[in-house]
Colleague: 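Below you'll find the structure I mean.
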There are 2 protein chains.
Amino acid sequence: MGHAAKGADLPLNRILAGDCIEAMNALPAGSVDLIFADPPYNLQLRADLHRPDNSRVDAVDDAWDRFANFSTYDEFTRAWLSAARRLLKPNGAIWVIGSYHNIFRLGAELQNQGYWILNDVVWRKSNPMPNFRGKRLTNAHETLIWASREEGARYTFNYEALKALNDGVQMRSDWVLPICTGHERLKNADGDKAHPTQKPESLLHRVLVATTNPGDVVLDPFFGTGTTGAVAKMLGRDFIGIERETAYREVAEKRLSRVRRYDKSGLEVTRAKRAEPRVPFGTLVERGMLRPGEVLVSQSGKTAKVRADGTLVSADHTGSIHQVGAALEGAPSCNGWTYWTFRKDGEHVPIDVLRQQIRAEMR
Amino acid sequence: MGHAAKGADLPLNRILAGDCIEAMNALPAGSVDLIFADPPYNLQLRADLHRPDNSRVDAVDDAWDRFANFSTYDEFTRAWLSAARRLLKPNGAIWVIGSYHNIFRLGAELQNQGYWILNDVVWRKSNPMPNFRGKRLTNAHETLIWASREEGARYTFNYEALKALNDGVQMRSDWVLPICTGHERLKNADGDKAHPTQKPESLLHRVLVATTNPGDVVLDPFFGTGTTGAVAKMLGRDFIGIERETAYREVAEKRLSRVRRYDKSGLEVTRAKRAEPRVPFGTLVERGMLRPGEVLVSQSGKTAKVRADGTLVSADHTGSIHQVGAALEGAPSCNGWTYWTFRKDGEHVPIDVLRQQIRAEMR
DNA sequence: GCCAATGGTGAATCATCCA
DNA sequence: TTGGATGATTCACCATTGG
């Protein structure tokens, strides 16, 4: 690792001001173990968006996220990825994060430059912002790409640590983590969010535990309010941050001064117990366990037909298995899972049996 | 939709033999509602990155080599995506699916050609193959991209149906579905799997319910063993398949001959309110359901008087139910139908109830 | 002090019809 | 083609307030 030389040459645990490409070019080649990069996404906003209650969505419209066209964005991507690659040690690796607006361009350029993709990882947000106009799917994830400097490199991967983080089974390429809210979300003096796109520390925690060792040097060329630095410090890694905006640097400096490195025992994480996973009734239809047009029969002899979208139709009612059951019984509510049965081998079997099958597969 | 012309010009519900680009170029422009494409990952490309003796290629040659090979794949991608775009109706859409080997190149080229990305969707596999060597994360997902032909197009999205499929909450961009196994997995006579990457029918079910209507034409240029065609047929959509390999076509033909369309009542799906006929507010006054001079009260306690022409007057504003509501609330817009109430038997009832009465009479 | 009700908010390429 | 009017549309979580 060359710890003595490292300290002499590198501005460790500091935030460098200025353009990330210039700043990277001023650092010595082959000096960094890991790069985590959260570049501008190039969101292409069209107009204001309002919630159904008429409040305005505070969207990302900052100057730093605006590019004239794809070609300009690609040029920027090419330049910073190339500067980043020069800084990596031969066995170093990079993470980039993005959304569908930019991630395909990032991934293609990584490949073009000779980076070797190891995994793409999906950050599944447990609490994403909904789609307010009902025109698309809820944008509920972001994509990360993990790549080594080149094919055949001996990158760092702490397989056992991640397996432990995942209750003893292999960590998968989809990570369910909440977005950054509450006390963790940094605020300005006026109470507004300090940065529009602050990432949760849990995400960086997993990235750094997975792909670095204590003492490694982690570079973040789009440092923002310093989540990468904060988690690196907690985990006993060294960091180098680069950030152009003075306001973000100031917030990050303050944040970092308050961060304390964990002692070894502090690395334990408390894990919430998982409830039984929710299984929508529609899943049974999609998976062919029930066919659209098939007739369900209730315990009391009422019938209804299944539709392709997982709703039921009886003579007078349309809706979910629960709604139609309740309507037919004149009851305020009804558990459709136990109320409805389907025919199997001449027998009436509660549809809940099918739900249990799916849950069993998910374990 | 032009069903007569459609049948005359298009080889509906058939599998075309041959190269997909040539086959697509032989079809009439603007004739297809949806394209679902599962293109090859280009194994050629990966093989080329190693020398036959498994030696590592040197850095300079490596970069050139890689560029040349990605370039070949990109050229292929460019050609078929362009042929596909020509076939789409103006309001048509496309789905592509891939893994990190090719999805970034697909996504970037979609954007380059002017397709407009609507969502990227993660197919989260509930039962992926584990990573045996413990060198990476378990590759537990694939990525789909859903894009319209161009920005501003009026693509099909059955929002309410997908919400129903998901137990009443809007569908997210991450879909948990099992891989294709068991009896659904097609086998050759020798018991081997008939196709290496057969997709589950549940995935196509969700795609087609979400973004097509019964009677739409769905094209799959990499038809394989025909999952797209099978689900399209079940759901009452027409399909066109293109497949180069004779063996796959034969399996697909046999499979399709056994598929039955679902009963028509099962194919109906929950519709958006927008599809309901428009009822002008003035109709309520004309019909005597509300009297000129009658006072409406908002949810927030504001009042306004009904006039004979179906406008409202408050202390400071005159206009439609929506305009006066928006003005009184200082909001950019307001749905007057749910905002205003009238007195009935001493209760405040939303005026939307009266609209529903009229709509019921229209059915 | 605890629980319920209310309000705010998060990387967003977020409408359609008719004159 | 453009502009104005209509009117459809949200999930999970956290913080605050009220009882």
Side-chain angles (χ1 to χ4, degrees), chain A residues 38-62 64-67 70 73 97-103 123 125-143 176 178-185 187 191-193 195-200 222 224, chain B residues 111 115-120 146-148 150-155 157 159-160 163 166-173 272-282 310-311 319-323 325-326 331-340 351-352 355:
Chain A
D38 182 11
Y41 285 12
N42 190 23
L43 299 182
Q44 288 149 63
L45 309 172
R46 288 303 186 257
D48 276 358
L49 177 66
H50 291 88
R51 296 187 172 82
D53 66 2
N54 270 322
S55 64
R56 201 177 73 86
V57 174
D58 181 22
V60 178
D61 56 357
D62 306 73
W64 52 254
D65 195 48
R66 286 199 284 268
F67 293 81
F70 283 133
Y73 187 79
I97 181 168
S99 66
Y100 66 84
H101 309 85
N102 68 328
I103 196 66
W123 168 26
K125 302 179 185 182
S126 54
N127 50 347
M129 182 157 43
N131 184 292
F132 294 115
R133 308 302 291 267
K135 292 294 153 186
R136 304 183 179 194
L137 301 161
T138 306
N139 218 324
H141 74 276
E142 293 189 26
T143 302
V176 180
I179 60 177
C180 184
T181 58
H183 288 114
E184 193 188 322
R185 188 84 194 203
K187 301 288 199 307
D192 290 345
K193 54 192 174 190
H195 192 285
T197 70
Q198 187 184 341
K199 295 292 175 288
F222 306 96
Chain B
Q111 292 178 314
Y115 286 99
W116 193 245
I117 299 183
L118 299 167
N119 276 117
D120 60 337
W146 171 40
S148 62
E150 60 210 330
E151 184 182 359
R154 288 195 228 158
Y155 54 91
F157 180 52
Y159 173 77
E160 292 293 344
K163 191 171 171 179
N166 197 31
D167 262 4
V169 292
Q170 60 178 212
M171 185 68 80
R172 302 169 35 121
S173 57
K273 281 189 193 154
R274 191 100 220 178
E276 299 269 6
R278 202 176 78 86
V279 176
F281 175 72
T311 53
S320 72
I321 52 173
H322 315 295
Q323 288 167 336
S333 72
C334 170
N335 184 344
W337 291 106
T338 53
Y339 179 76
W340 295 106
I351 58 174
D352 200 36
R355 179 169 65 164

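Letters A, B, ... mirror the listed sequences (proteins, then strands); counts begin at 1.
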Colleague: Determine the contact category for B:P280: base if any of its heavy atoms lies under 4.0 Å from a base atom, sugar-phosphate if only primed atoms, P, OP1 or OP2 are that close, otherwise nothing.
Modeller: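 It contacts nothing in the nucleic acid.
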Colleague: Strictly distance-based, threshold 3.5 Å: is any side-chain N or O of A:Q198 a donor or acceptor partner for the main-chain N or O of A:E184?
Modeller: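 Yes, the answer is positive, given that a donor and an acceptor are paired below the 3.5 Å cut-off.
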Colleague: Quick one: is D:dT10 close enough that its OP1 or OP2 comes under 4.0 Å of any side-chain N or O from A:N131?
Modeller: no
Colleague: Taking the side chain of A:S126 as its heavy atoms from C-beta onward, which of C:dT16, D:dC13, D:dG7 lies nearest to it?
Modeller: D:dC13
Colleague: Under 4.0 angstrom, heavy atoms only, what part of the nucleic acid is A:P200 near: base, sugar-phosphate, or nothing?
Modeller: nothing
Colleague: Which nucleotide sits closest to the side chain of B:R274: D:dT6, C:dA11, D:dT9?
Modeller: D:dT6
Colleague: Taking 4.0 Å as the cut-off, does a side-chain nitrogen or oxygen of B:Q323 come that near to OP1 or OP2 on D:dT6?
Modeller: yes
Colleague: Could you list the residues that satisfy salt bridge (Lys or Arg N to Asp or Glu O under 4.0 Å) with A:D38, not counting sequence neighbours?
Modeller: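 Partners of A:D38 by the salt bridge (Lys or Arg N to Asp or Glu O under 4.0 Å) criterion, ordered by chain and then number, come out as A:K199.
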Colleague: Would you indicate whether A:R46, at its atom CZ, is surrounded by more than 12 heavy atoms from other residues, nucleotides or ligands within a distance under 6.0 Å?
Modeller: yes
Colleague: I need the residues from residues 46-58 of chain A with at least one non-hydrogen atom less than 4.0 Å from DNA chain D; give them sorted by number, or say none.
Modeller: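 DNA chain D contact set from residues 46-58 of chain A: A:P52.
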Colleague: Over how many whole Å does the gap from B:K273 atom NZ to C:dA15 atom P extend?
Modeller: 18 Å
Colleague: Can you tell me whether the side chain of A:D61 and the base of C:dA12 have a donor-acceptor pair closer than 3.5 Å?
Modeller: no
Colleague: Any non-hydrogen side-chain atom of A:Y41 less than 4.5 Å from a side-chain atom of A:I97?
Modeller: yes
Colleague: For C:dA11 and D:dT9, measure between their P atoms and round to the nearest Å.
Modeller: 25 Å
Colleague: Provide, to the nearest angstrom, the distance between the CD atom belonging to A:E142 and the P atom belonging to C:dA12.
Modeller: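 So the two atoms are 8 Å apart, to the nearest Å.
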Colleague: Using the 3.5 Å cut-off, write out each protein N or O paired with an N or O of nucleotides 14-17 of chain D and the distance between them.
Modeller:
residue	atom	partner	partner atom	Å
D:dA15	OP1	A:H183	ND1	3.3

Colleague: Could you run through DNA chain C and flag its stems, i.e. three or more consecutive Watson-Crick or G-U pairs with both distances under 3.5 Å?
Modeller: C:2-10 with D:11-19, C:15-19 with D:2-6
Colleague: Just checking B:E160: base, sugar-phosphate only, or nothing, at a heavy-atom cut-off of under 4.0 Å?
Modeller: sugar-phosphate
Colleague: If the cut-off is 4.0 Å, is A:K135 near the phosphate of C:dA12, judged by side-chain N/O to OP1 or OP2?
Modeller: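 For A:K135, the contact criterion (side-chain N or O under 4.0 Å from OP1 or OP2 of C:dA12) is not met.
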Colleague: Under 4.0 Å: is that the gap between some side-chain N or O of B:K163 and OP1 or OP2 of D:dT9?
Modeller: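 False: B:K163 side-chain N/O out of range (4.0 Å or more) of D:dT9 OP1/OP2.
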Colleague: What nucleic acid atoms does A:K199 come within less than 4.0 Å of, heavy atoms only: base, sugar-phosphate, or nothing?
Modeller: base
Colleague: Would you check if the side chain of B:W116 reaches a backbone N or O of B:A153 as a donor-acceptor pair within less than 3.5 Å?
Modeller: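 No, the answer is negative, given that no donor and acceptor are paired below the 3.5 Å cut-off.
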Colleague: Looking for any heavy atom pair under 4.0 Å, which part of the strands does A:N139 touch: base, sugar-phosphate only, or nothing?
Modeller: sugar-phosphate
Colleague: Can you find an N or O donor on one side and an acceptor on the other, under 3.5 Å apart, linking the side chain of B:T338 with the base of D:dA8?
Modeller: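 Per atom types, no contact qualifies.
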Colleague: Using whole Å, what does the distance between atom C1' of nucleotide D:dA8 and atom CD1 of B:I321 come to?
Modeller: 13 Å
Colleague: Using heavy atoms to find the nearest nucleotide of DNA chain C for A:P128 and B:N119 separately, return the residue whose nucleotide is more 5′.
Modeller: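 Going by which nucleotide is closer to the 5' end, it is A:P128.
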Colleague: Is any side-chain heavy atom of B:Y159 less than 4.5 Å from a side-chain heavy atom of B:M171?
Modeller: no
Colleague: Please check if the side chain of B:N119 supplies one atom and the backbone of A:R136 the other of a donor-acceptor pair under 3.5 Å.
Modeller: no
Colleague: Measure from NE2 on A:H195 to P on C:dT9 and round the result to the nearest Å.
Modeller: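 Roughly 18 Å, once rounded to whole Å.
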Colleague: Remember a base hit wins even if backbone is also touched, and classify A:D38 as base, sugar-phosphate or nothing at under 4.0 Å, heavy atoms.
Modeller: base
Colleague: Can you find a side chain N or O atom of B:R355 that sits less than 4.0 Å from OP1 or OP2 on D:dA8?
Modeller: yes
Colleague: For the pair made of CH2 in B:W340 and P in D:dG7, what is the distance, rounded to whole Å?
Modeller: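 Taking atom P of D:dG7 as the reference, CH2 of B:W340 is at 15 Å.
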Colleague: Map A:P130 and B:H322 onto DNA chain D by nearest heavy atom, then report which one ends up closer to the 5' terminus.
Modeller: B:H322
Colleague: Any idea which heavy atoms bring A:R133 and A:L49 closest together, and the distance?
Modeller: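 So the minimum-distance heavy-atom pair works out to CG-CD1, 4.0 Å.
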Colleague: Using modelled atom types only, decide if a donor and an acceptor are shared between the side chain of A:N127 and the backbone of A:I179 within a distance under 3.5 Å.
Modeller: yes
Colleague: Whole angstrom is fine here: how far is it from NE2 in A:H141 over to C1' in C:dA12?
Modeller: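 Atom NE2 in A:H141 sits about 13 Å away from atom C1' in C:dA12.
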Colleague: Quick check on D:dT6: is either OP1 or OP2 less than 4.0 Å from any side-chain nitrogen or oxygen of B:S320?
Modeller: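 For D:dT6, OP1/OP2 do have a side-chain N/O of B:S320 under 4.0 Å.
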Colleague: Using the side-chain heavy atoms of A:N127, tell me which of these nucleotides is nearest: D:dT10, D:dC13, D:dT9.
Modeller: D:dC13
Colleague: Among the nucleotides C:dA11, D:dG7, C:dC14, which one has an atom lying closest to any side-chain atom of B:W337?
Modeller: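 Between C:dA11, D:dG7, C:dC14, the one nearest the side chain of B:W337 would be D:dG7.
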Colleague: Expressed as a whole number of angstroms, how long is the span from A:N102:CG to C:dA11:C1'?
Modeller: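 About 9 Å, once rounded to whole Å.
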Colleague: Students often get this wrong, so: under 4.0 angstrom with heavy atoms, is B:L118 touching a base, only sugar-phosphate, or nothing?
Modeller: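 It contacts nothing in the nucleic acid.
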Colleague: At less than 4.0 Å, is any side-chain N or O atom of B:R154 found next to OP1 or OP2 of C:dA15? Yes or no.
Modeller: no
Colleague: Run the salt bridge (Lys or Arg N to Asp or Glu O under 4.0 Å) test against B:E150 and tell me which residues pass, sequence neighbours left out.
Modeller: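 Salt bridge (Lys or Arg N to Asp or Glu O under 4.0 Å) list for B:E150, sorted by chain: empty.
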Colleague: Taking only N and O in the side chain of A:R133, is any of them less than 4.0 Å away from OP1 or OP2 of C:dA15?
Modeller: yes
Colleague: Assess the residue pair A:F132 and A:H50 against the criterion (side-chain contact (heavy atoms from CB on, under 4.5 Å)); give the C-alpha distance rounded to whole Å, side-chain angles, the decisive distance to 0.1 Å, and a yes or no.
Modeller: CA-CA 8 Å; A:F132 294 115; A:H50 291 88; over 6 Å; no
Colleague: Choose from D:dT6, C:dG10, D:dT9 the nucleotide whose nearest atom is closest to any side-chain atom of A:K193.
Modeller: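 Closest nucleotide to the A:K193 side chain: C:dG10.
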Colleague: Whole angstroms only, please: what is the CG-C1' distance between B:N335 and D:dA5?
Modeller: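 Distance, rounded to whole Å: 13 Å.
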Colleague: Quick one: list whatever passes side-chain hydrogen bond (donor to acceptor under 3.5 Å, both in side chains) with B:S173, sequence neighbours left out.
Modeller: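 B:S173 satisfies side-chain hydrogen bond (donor to acceptor under 3.5 Å, both in side chains) with A:H141 only.
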Colleague: Consider only side-chain N and O atoms of A:S99 and A:H101, and report whether a donor and an acceptor are under 3.5 Å apart.
Modeller: yes
Colleague: For a quick test of reading the model: is some side-chain N or O of B:Y155 closer than 4.0 Å to OP1 or OP2 of C:dT16?
Modeller: no
Colleague: Identify whether any heavy atom of B:R278 sits under 4.0 Å from a base atom; if not, whether one sits that close to sugar-phosphate; answer base, sugar-phosphate or nothing.
Modeller: sugar-phosphate
Colleague: When you compare C:dA12 with D:dT6, how far apart are their C1' atoms, in angstrom units rounded to a whole number?
Modeller: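 Roughly 24 Å separates the two C1' atoms.
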Colleague: Could you check whether any side-chain N or O of B:N166 sits under 3.5 Å from a backbone N or O of B:V169, counting only pairs where one atom can act as donor and the other as acceptor?
Modeller: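 Yes, B:N166 side chain to B:V169 backbone: donor-acceptor pair under 3.5 Å.
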Colleague: So A:D65, base contact, sugar-phosphate only, or nothing? Heavy-atom distance under 4.0 Å.
Modeller: base
Colleague: Would you please indicate yes or no on a ring centroid separation below 6.0 angstrom for B:W146 and B:Y155?
Modeller: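 That pair passes the under 6.0 Å test.
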